[in-house]
2 protein chains.
Amino acid sequence: MVRDTKGKIIASAANVAVTRGVQNMTMDAVAEEAGISKGAVFYHFDSKHDLLLSMVQALTDVTDSTIADVQSKDTEPGSWLRGFLKASLTNTTEDLGPVGRLSVAFLTAAANDTSLLEPMNRRQPAWREAINQSGLDPVQAQIIRLAADGLWINDVMGVPVLDAAERTAVIERLQAMTREKAKPDQKGNQA
Amino acid sequence: MVRDTKGKIIASAANVAVTRGVQNMTMDAVAEEAGISKGAVFYHFDSKHDLLLSMVQALTDVTDSTIADVQSKDTEPGSWLRGFLKASLTNTTEDLGPVGRLSVAFLTAAANDTSLLEPMNRRQPAWREAINQSGLDPVQAQIIRLAADGLWINDVMGVPVLDAAERTAVIERLQAMTREKAKPDQKGNQA
DNA sequence: TTTACTAAACTGACTGGTCAGTATAGTTTT
DNA sequence: AAAACTATACTGACCAGTCAGTTTAGTAAA
């Protein structure tokens with residue numbers, strides 16, 4: 001691939017989804033945004049379904065590589081979760097970064113057809129494993145991950161769940177929680 | 001309203017979204033599902049946009065009334081969050097209940113047009129207030145809510161984040177967390 | 001007489017997908 | 001070195017199908 005047109009199309013599609021709204025993410029709009037013809041888009045992707053699938057794949061790839069990046073410099077317990085937090089929260093509500101743009105595409109995919117989430121679903125067993133092996137109490141670790149998901153989805157949808165101060169406090173607390181070692185028995189319900 | 005046709009249409013629309021897929025939630029399909037004519041659907045709703053808006057409104061109404069129901073029998077600190085947890089988690093992954101169906105519609109709305117989330121966005125300040133006044137440490141309270149959101153969205157999308165045992169453990173832990181009073185200083189980062 | 005519909009035909013705009021043909025760069029043949 | 005050929009990348013016009021929304025004419029009940 002001399003000129004990475006495929007990558008450009010994916011980025012353009014994500015961009016259209018954010019700027020013009022997901023309902024306007026037509027193949028024509030994607031082509032226009034990428035500065036190529038519609039035919040060229042179909043040259044690279046068999047169908048819109050195929051494009052959407054690639055976008056979801058791109059999101060999981062970005063997430064995985066962010067985590068790997070963090071873990072290459074942080075081998076303490078909980079590093080996987082710190083990577084996951086970083087990947088989920090790189091986007092502020094306005095002015096979404098590349099990950100945020102892809103996230104919107106992810107939502108699109110989910111809404112249009114759940115089967116498009118295959119690339120994401122395929123990563124779940126590995127992620128669950130990573131979370132359970134993170135060195136933290138597994139239940140607490142899952143909760144951290146779910147809270148990150150919750151914050152992320154609300155961001156992507158533009159639902160104002162938290163104000164700026166609350167947001168900062170929540171993120172700091174989640175980060176602090178990734179540094180709490182497993183406590184053998186806190187409330188009497190440890191298996 | 002002698003025969004609650006409006007309600008029936010909303011329920012039917014949610015049903016179509018779940019059973020036939022969101023992309024097939026056409027006005028014709030909704031009418032057919034409700035067992036009425038397309039004209040009747042347009043008699044009650046000015047447009048599809050209007051119907052979607054009503055579906056999101058219905059979801060927030062169901063959530064609010066579930067919370068109110070729980071709080072009428074539970075006045076301990078954290079009762080709001082226990083109500084919210086109940087509202088979010090009434091649905092198992094398969095076999096969605098009414099709330100789960102509406103949730104899918106919510107996703108649809110979000111994906112098609114963020115402005116459709118207005119009814120949901122309007123409730124956020126009140127929910128934030130309720131969380132902050134819940135009697136728990138506010139940051140922890142927000143995290144519980146976000147984790148519930150995270151579990152909910154993954155359920156709705158059908159992403160297998162947790163296996164059955166993990167799921168049970170996480171829900172129990174979240175419920176336990178709603179009973180933990182605010183600890184003045186646990187880790188040294190309380191304002 | 002107003003409210004709440006049914007039934008069915010129709011329109012107008014949009015959108016995913018197709019396809020014949022063109023451009024470019026590199027490779028083999030003569 | 002020129003000619004012939006190949007693979008890849010892309011253009012741009014076109015189309016068949018879909019769907020929200022409209023219209024019309026009529027029915028049933030309170």
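Just so it is clear: chains get the letters A, B, ... in the order the sequence lines come, proteins before strands, and each one is counted from 1.
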[X] side chain: which of [options] is closest?
X     : options               : value
B:F42 : D:dA20, D:dC10, C:dT6 : D:dA20
B:S37 : C:dG16, D:dC10, C:dA7 : C:dA7
A:A40 : C:dT6, D:dA20, D:dC10 : D:dC10

Less than 4.0 angstrom between a side-chain N/O of [X] and OP1 or OP2 of [N], yes or no?
X     : N      : answer
B:H44 : C:dC5  : yes
A:S47 : C:dG16 : no
A:Y43 : D:dA9  : yes

Minimum-distance pair of heavy atoms, taken over all atoms of [X] and [Y]:
X      : Y      : result
A:T66  : A:G83  : CG2-O, 4.1 Å
B:D69  : B:S72  : O-OG, 2.7 Å
A:W152 : A:S103 : NE1-OG, 3.0 Å

Separation of atom [atom1] in [X] from atom [atom2] in [N], rounded to whole Å:
X     : N      : atom1 : atom2 : value
A:F45 : D:dC10 : CZ    : P     : 11 Å
B:I36 : D:dA28 : CD1   : P     : 18 Å
A:M27 : C:dT15 : CE    : C1'   : 10 Å
B:K38 : D:dC19 : NZ    : P     : 10 Å
B:K6  : C:dT3  : NZ    : C1'   : 14 Å
A:K8  : D:dA9  : NZ    : P     : 13 Å
A:L51 : C:dG17 : CG    : P     : 10 Å
B:I9  : C:dA4  : CD1   : P     : 12 Å

Query - Bend angle of the helix from C:dT1-D:dA30 to C:dT30-D:dA1, end axes from five pairs each (to 10°) - result: 10°
**Report entry** Carboxylate-amine/guanidinium contact B:R167 B:D155, below 4.0 Å
**Finding:** yes
Requested in this report: Output yes when B:R82 and B:E76 qualify as a salt bridge under the 4.0 Å nitrogen-oxygen rule, no when they do not.
Outcome: no
Report task. Tell me whether B:V156 is reachable from A:V159 by hopping between hydrophobic residues (I, L, V, M, F, W, Y) whose side-chain heavy atoms are closer than 4.5 Å. Result -> yes
Query raised in the report: Within the side chain of A:E166, is there an N or O that forms a donor-acceptor pair under 3.5 Å with the backbone of A:D163?
Result: yes
Query raised in the report: Touch check for A:T26, heavy atoms < 4.0 angstrom, all strands: base, sugar-phosphate only, or nothing?
Result: sugar-phosphate
Requested in this report: Let me know, please, whether A:D28 or B:G39 comes out on the 5' side of the other along DNA chain D by nearest nucleotide.
Outcome: A:D28
